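Bear in mind that the values here come from a model prediction, so they are computed numbers and not experimental data. Just so you know, residue 1 is the first one in the sequence shown, and it goes up from there.
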Amino acid sequence: MSFPLLTVTAAVPAVGAVLTAAVPAARRTAAKWLALLFSLATLALAVLVAVRFDPGGDRYQLTESHSWIPDFGVRYELGVDGIGVVLIALTALLIPFVIGAGWNDADPLEAEAADSSFAAGSRWRPTQGFFALILLVEAMVVISFEATDVFLFYIFFEAMLIPMYFLIGGFGDRAHSGSGENAAAQRSYAAVKFLLYNLVGGLIMLAAVIGLYVVAGNFSLQEIAAARAAGTLDMATNTERLLFLGFFFAFAVKAPLWPLHTWLPNAMGEATAPVAVLITAVVDKVGTFAMLRFCLGLFPEASKWATPVILVLALISIVYGALVAVGQRDIKRLVAYASISHFGFIILGIFAMTSQGQTGATLYMVNHGLSTAALMLVAGFLISRRGSRLIADFGGVQKVAPVLAGTFLIGGLATLSLPGLAPFVSEFLVLVGTFTRYPVVGIIATFGIVLAALYTLVLYQRTMTGPLKEEVRTLPDLHLRELLVVAPLIALLIGLGVYPKVLTDIVNPAVEHTMSDVKQTDPKPDVAVEAEHALKGEAAK
């Protein structure tokens, strides 16, 4: 049997989570380094997956298949296409930065640290638990990108909610304007809202998963696709549409898509900055990835049937998220609403049903992860220094912390998709791919770009420029650890903005397979159509 590389890639962070949680309470620093070591080992394995993946080979590669629950047709099946490869790489890349940025976020406060019983480890291990939960989320996200058995995917799609619930509710942002009790209540509210929204979506999906088994007789994505291609799978139109809606609803909650988005600003606002990055740059990508792999792969006709409504919802997400971001007074909530707008672009690209749109959507998942991580982590460093998330409490920061202000600016410019930075490529492809099939939708979506420039530049102006406020006069610039977290993200944003081919070469073949699933081809440009008609006319003469 060949080496189970995909299983090992998901298992390493899970093992790291167990070992990190077992470190004695008094050895917090050892737990941090252990978690970082396992995250780097996972990154190395993700790089190996990318190296061994052949873009010109089979659709799903590095496959593993073992019988798991034979009575119900459930198998342990893993495999990756080009889209899964780049998202596994994104996840493995971001986790070390999340750990580095949150290095001190779960350490006890001074009063707790002075407690001898706490130091002796007789009560609890908050630091160890924080980093163990991050690794556990990583393991579940990675295997979600690898699973080709629908039931296996569903288990980890739902299971990742539990560690995320504790990360939001148990390790909230300390820069809270209210009292301690009020802050705890708000964290609890945000965590419960996150859990309930996603659980409802998951329960509806479970009904659809059961329905799929009744119709198809198994949960294997590849077997169902093969049966559909061979014409041996008879799925009634109404049945396919109902199953599609069950899957899509769960993914739209996770994504999140308007009007199922309201949990995200609460969760990101109350979580620490690294956990906020984990939510929007890692966990939420499972929802948009699943739309490509499962909605379009399993229910192609229903996907085309639902496209007009989904495009309208995506447009609302783009414009609504950007408009609400403009009026925000809280830095983290502003980034959250900006992310809602960006997820609208991703879903727009997926359901434009063009190769440019779907390639752009996949690149958008990667580039949004990088740009949001850069902006949110620098914002987290800024907030921890001032002890406030309110934009009005800052001003003139660039005069005392120029490096912090510079990295904040680059992260913001990436968020508004400035040409030369990675998000520009993905947003351009999404808009081009949408315009070729739905020109009116493409034109309306461009207003999101204008609004993005507005909320990003206003945020920078109000926090970094203007008169130097007395409260920020003593703010230190970025430390070495913080620079090591931010600098690679900035470098990747510039590198992938200049040379995106390293990703498109991997993604394009997978997009072609998805386009084949839904039996769609790219619309011909008007010039090409006119030329074709002219040639036919000459031939007729």
Write down the atom of [X], the atom of [Y], and the distance for their closest heavy-atom approach.
X: A352; Y: L311; answer: N-CD2, 4.3 Å
X: V80; Y: F145; answer: CG1-O, 4.4 Å
X: A405; Y: M464; answer: CB-SD, 3.7 Å
X: V472; Y: V400; answer: O-CG2, 3.5 Å

| query | Using the ring of each side chain (for Trp, its six-membered ring), is Y364 parallel, tilted or perpendicular to H342, with breaks at 30° and 60°? | reply |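 Tilted: the ring planes of Y364 and H342 meet at 30° to 60°.
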| field | Those residues that, when tested against D81, pass salt bridge (Lys or Arg N to Asp or Glu O under 4.0 Å) (two or more places apart) | value | R293
| query | Between CG of L478 and CG of L382, what distance do you get to the nearest 0.5 Å? | reply | 9.5 Å
| message | Checking T434 now: which residues fulfil side chain to side chain donor-acceptor pair (under 3.5 Å) with it, not counting sequence neighbours? | response | none
| So, R389 and E270, do they make that salt bridge, N to O below 4.0 Å? | yes
| said: Run the ring-ring contact (aromatic ring centres under 6.0 Å, His included) test on F343 and H261 for me, step by step, so that the C-alpha distance in whole Å, both residues' side-chain angles and the decisive distance to 0.1 Å come before the verdict. | reply: CA-CA 10 Å; F343 275 104; H261 67 284; over 10 Å; no
| query | What do the steps show when you test F435 against I443 for side chain to side chain contact (heavy atoms under 4.5 Å, CB included), and what is the final call? | reply | CA-CA 7 Å; F435 187 83; I443 291 170; 3.9 Å; yes
| message | Testing the 3.5 Å rule here: is there a donor-acceptor pair between the side chains of T359 and N508? | response | yes
| said: Main chain of A392, side chain of K469: is a donor-acceptor contact present, judged purely on distance under 3.5 Å? | reply: yes
